[in-house]
Amino acid sequence: MTWGVAIHGGAGAIPASLTKSDQKSIAEALDDIVSKAAASLQSDAAALDVAQAAVEALEDCPFFNAGIGAVLTREGRHELEASIMDGSTGRAGAACGLTTVRRPIRMARAVMDRTDHVFLGGPAAERCAAEWDLQLVDNSTFTTSHRKAQLDAWLEHKRPADRRHHATVGAVACDVQGRLASATSTGGMTGKMSGRIGDTPLIGAGTWADAKVAVSATGQGEMFILASTARMVGARMQFAGECVEQAAEQVLASMPPEAGGLIAVDHQGRTAMPYTSPGMHCAARSAAT
Ligand code: ASP
């Protein structure tokens with residue numbers, strides 16, 4: 001019986017604005033969240049629930065670009081997106097254009113569990129969230145002073161001072177029954193156009209899970225969409241017989257330099273966390289040898 005879990009808090013260059021104490025807090029938050037996820041897996045929790053719970057905890061942590069602490073559009077608002085996939089059933093749920101849903105990953109899970117669809121977006125999705133009793137908050141609830149400063153820098157220079165720092169969050173898990181799941185959540189990119197949709201809510205781009213691997217990506221979303229990144233990792237394992245490390249590295253190597261990174265776990269609990277950006281906030285635990 002084996003299990004494995006990996007989480008990320010985004011790929012990119014560590015911005016100068018991030019103090020040493022912030023970096024320590026980020027490392028501690030990741031360690032705490034991955035340890036809790038590992039403990040749940042050891043207690044026989046399902047991969048899907050563990051991946052979702054880890055992303056919820058990351059959405060609550062203001063350092064990351066998801067939920068509280070999400071980046072701002074050029075109009076100074078938050079448009080959040082998330083997706084989740086259950087590799088054991090092949091089912092998935094996703095949502096985008098969320099402005100008031102407190103935990104976007106719960107919305108993605110609700111789309112998967114409560115509808116025949118995979119992807120809901122915009123005001124109609126938010127009406128469903130209200131019907132489903134998901135917590136709704138004012139859009140400003142997600143704003144931190146750090147994200148305001150990032151948007152001000154973007155508006156001044158038409159690019160954020162630390163534009164290569166992404167902080168989207170994600171989790172992949174393999175439970176003791178060998179089931180795999182992946183979850184990813186983000187605010188997108190600082191200064192994005194209203195209505196822009198990145199890779200995060202797109203099944204096959206930012207999120208993928210099947211019987212062999214679960215993947216969650218982070219980086220410059222347009223590149224991940226064009227490369228079908230998350231699905232390609234699964235495809236290389238399925239059709240080329242590559243192991244999780246090889247598949248993950250090869251897919252990233254085929255993308256433009258510094259595109260970002262990804263986390264992956266296979267059905268034996270082995271994890272891979274490659275990145276081509278200068279860094280990636282991530283952590284993993286595994287019982288695989
Ligand atoms: N991939 C995300 C996006 O493009 C950004 C990130 O990873 O932080 O929306």
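As the structure lists them, so they are numbered: ligands from 1, and atoms in each ligand from 1. Note that the numbering runs from 1 along the sequence shown for the chain.
- With a 4.0 Å heavy-atom cut-off, ligand 1 is reached by the backbone of A167 but not by any atom from C-beta on.
- Counting heavy atoms closer than 4.0 Å to ligand 1, residue R196 contributes side-chain atoms (C-beta onward) but none from N, CA, C or O.
- Distances between N or O atoms of E222 and those of ligand 1 include no value under 3.5 Å.
- Between R127 and E131 there is no salt bridge, since no side-chain nitrogen of the basic residue lies less than 4.0 Å from a carboxylate oxygen of the acidic one.
- Inclusion of G221 in the set of residues having an N or O under 3.5 Å from an N or O of ligand 1 is warranted.
- One finds the CG atom of D175 at 7.5 Å from the OG atom of S88 (value rounded to the nearest 0.5 Å).
- The heavy atom nearest to atom 3 (C) of ligand 1, considering only D199, T186, T229, is found in D199.
- The residues D31 and R285 are annotated as salt-bridged, a charged nitrogen and a carboxylate oxygen being separated by less than 4.0 angstrom.
- Between T168 and ligand 1, at least one N/O pair is under 3.5 Å apart.
- The residue among A70, G198, G219, G206 with a heavy atom at the shortest distance from atom 5 (C) of ligand 1 is G219.
- For K20, there are no salt bridge (Lys or Arg N to Asp or Glu O under 4.0 Å) partners, not counting sequence neighbours.
- The salt bridge (Lys or Arg N to Asp or Glu O under 4.0 Å) analysis of residues 100-126, with sequence neighbours excluded, yields the pairs D49-R109, E56-R106, D60-R102, D60-R103, R109-D113.
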